[in-house]
Amino acid sequence: MKRLYILSMLACAAVCTSVAMAESRSVTFDFSSPESLAAMGLPTPTSNNPTYLRDEIKIGEITFQPQSTLPRSTFYNGQYTFYTTNGNTFAFKADEGAVIKRVNFNGFYDQQRFTASPAGFDSGYTYWSGSTTRVTFTGTGGNSLFSMTVEYEYNEPQEQYSQYDVNRDGAVNSADITAIYSYILNGSTGYKNFSDVNADRTINSADVTAIYQVILNGDTPSTVPAPTFSHPSGTVFYTPTDITISAPNAKIFITTDGTTPTTMHYFDMSSGSISMTVTSNITIKAIAVIDGKISPVATAVYTLEEAPQDNNLNANWKETSYNIPQSGSTATTNSATYNQAWRLEYPHINTSSNSMVVVHATQQYGITYSLELDKSHRANRWTCFTMHNGTPDNNVGRTTSTFSPDDCVPSSYQVQTNEYTRGNYTTQVANDDGTNMVLFARGHICASEDRQSGEEQNRQTFLTSNIHPQYQAHNAGLWQTMENVVQNWGNNSSFRDTLYVCKGATIANVTLDGSTVSGTIPYSEVKSKYGVTLTGTLTIPRYWYMALLCYKNGQYHAMAYWTEQKNTSHSGTTLPQCMISIDELERRTGIDFFCNLPDDIEDDVEATVDTNFWK
């Protein structure tokens, strides 16, 4: 009787709100111009690279998904088009809460020819209509399209509902109390995940009271920030590692299977944090709850790889102290034993007082790259980084073209951006191919295209500690070709679990065919060849290299690229001609690459190049 009386009283006091309706939305995937391609984060197709649609493209709640046979691009009558041939397929997938209603095709063919699953074409094959969260199109002939517009209806997904809206009807009223009461009285499972309104792990009259307070008094808890992770998403661990998920003054709920957490999942009620050990590859999603209000979902992806073994005579962790300033995404003047030296992408660190290591990172994606700086040259010796599923490509594209000094480097060793212009490095000349262009570019080591998961991450590639003077013809020619290939490997999960990359250029003597030669280009050589008098103290490397280590399914493969930078595109040079073993690269540069691998693995993978693998 008491429960019935409470329920009756609440029903009379309930304040109803209108039910949320589906919102009509549309997005357009436009392939008609370089500008529209850039807006979708896509490069402009060229005759040499027409298959740019290799990855998913997301706009709003709709994701365009190329299928196993990749759709291509063409250039026709001054416009770019999306192109499919007989049997090519592509799909549109809707996020949770969205339902695709119609897909319109716009192209220079009057009658497009596709089949769709589910079926739903009009008689002219110019648009599809239906109701689905995913629709797949298969080309039945040559089809060139300027654009495709997807119309859809969208309801906020479950985690966006008010925690008090138990029955998810868009209103907080007596119907939500009835839903909880029905569960308590009858054991109904229909609202189980949403009935624990106050997140105390029980469903009882306290949840009814929480809703009643909202209805009666209009209580609206403040916005709850998403939980934070002690290690950024994308971190690669080599040993089981403890992480902490924190949300001050909140209860935390998590999942480890990729699903969205609810208040019925695991949590730590008391401390506002959860500690757990990463023992395998894992995706963690977490929400925080305060007074029944749910935060946005926070996600972290962690990878656990084979731990380095203590059978390596030259591993970085064998050193007792580095005394190298440890830098992050902001400058620091503190010195400490460097704590990332064990990472597999690292060469053996030079521990002389003339060297320093700098690390740039973001909270969301972890380490962007690490570099070793030669103080006397004010120049980069190498930059290293990893590519894996936690560092997705082309989320943001190239966010800037403006270089800036690295504030993590003491000012006396910084390179200023105007040193290139006031030193005449950017003078226009005719290169060895006969093309008029800038003499020296600000040549990235970790390329902008290597790091486009987030805007801050991409901006960090434009720090002057990550560049060298590089002949523009070489930069836009052979070097860019190498970069494109490495990016394709690094962004292809079927090729790698993790790709470890170390790039650099020579700023000291090198050994070639048993002889010691200079690894830099003297200013006098530039003067005699191109009539340009360079000023300043920038070091110009003569040779550029990339050292690559791929880990896939428990196996390692390694190889290096080596190129002498000349003021030419090297158009007649093929990439296989530039491949050398890691051992050979070490002989030439004097740098011990991938020193943290166990010796038996290191000796095996660094001795030879498996050209069948690296193709």
Side-chain angles (χ1 to χ4, degrees), residues 19-45 50-157 160 170 394-395 397:
V19 176
M21 301 297 290
E23 177 184 349
S24 295
R25 300 184 181 183
S26 68
V27 296
T28 298
F29 295 81
D30 185 1
F31 306 101
S32 63
S33 69
E35 292 78 13
S36 61
L37 296 176
M40 293 188 291
L42 297 172
T44 301
T51 55
Y52 67 93
L53 292 174
R54 66 186 186 277
D55 298 321
E56 293 185 343
I57 308 166
K58 182 177 175 62
I59 303 178
E61 285 76 31
I62 304 298
T63 302
F64 174 93
Q65 297 178 313
Q67 304 298 294
S68 57
T69 303
L70 297 183
R72 301 171 67 86
S73 62
T74 61
F75 184 81
Y76 182 83
N77 283 352
Q79 288 188 294
Y80 296 97
T81 63
F82 168 75
Y83 179 71
T84 67
T85 58
N86 190 24
N88 286 141
T89 61
F90 60 95
F92 292 104
K93 178 180 179 295
D95 283 357
E96 180 185 355
V99 178
I100 298 171
K101 293 295 186 180
R102 181 179 171 116
V103 181
N104 289 294
F105 297 109
N106 298 312
F108 60 80
Y109 285 160
D110 291 335
Q111 301 293 313
Q112 305 304 325
R113 289 290 181 262
F114 297 104
T115 58
S117 178
F121 268 112
D122 76 321
S123 58
Y125 281 68
T126 56
Y127 68 86
W128 171 96
S129 61
S131 182
T132 183
T133 58
R134 178 186 174 89
V135 57
T136 300
F137 299 95
T138 302
T140 57
N143 303 280
S144 295
L145 304 171
F146 291 150
S147 65
M148 292 168 279
T149 299
V150 181
E151 299 172 5
Y152 61 101
E153 292 182 350
Y154 181 67
N155 272 310
E156 291 291 330
Q160 300 299 321
N394 209 20
N395 281 357

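- Contact check for Ile100 versus Trp128: side-chain heavy atoms found under the 4.5 Å cut-off.
- Two residues are said to be in side-chain contact when any heavy atoms from C-beta on lie closer than 4.5 Å; Lys101 and Ser131 meet this criterion.
- Because its NZ or CZ atom is not both nearer than 6.0 Å to the ring centre of Phe92 and within 45° of the ring axis, Arg134 does not count as a cation-pi partner of that residue.
- Distance check, rounded to the nearest 0.5 Å: CG of Asp30 to OG of Ser147 gives 5.0 Å.
- Taken to the nearest 0.5 Å, the CZ atom of Phe137 stands 10.0 Å off from the OG atom of Ser117.
- Across all non-hydrogen atoms, the minimal contact from Phe29 to Phe64 is CE2-CB, 3.6 Å.
- Put simply, the side chain of Tyr152 reaches to within 4.5 Å of the side chain of Ile62, judged on heavy atoms.
- Residues Lys93 and Thr133 bring no donor and acceptor atom of their side chains to less than 3.5 Å of each other.
- Here the closest non-hydrogen pair linking Thr136 and Ala91 is OG1-CB, 3.6 Å.
- Salt-bridge formation is not detected for the pair Arg25/Glu151: no Lys NZ or Arg NE/NH1/NH2 atom is positioned less than 4.0 Å from an Asp or Glu carboxylate oxygen.
- With a 4.5 Å cut-off on side-chain heavy atoms, Met148 and Phe90 count as touching.
- Counting heavy atoms from C-beta on, the side chains of Phe31 and Leu37 come closer than 4.5 Å.
- Defined by atom type and a distance below 3.5 Å, a donor-acceptor pair is present between the side-chain atoms of Thr28 and Thr149.
- No donor-acceptor distance shorter than 3.5 angstrom exists from the side chain of Thr63 to the backbone of Lys58, with no hydrogens or angles considered.
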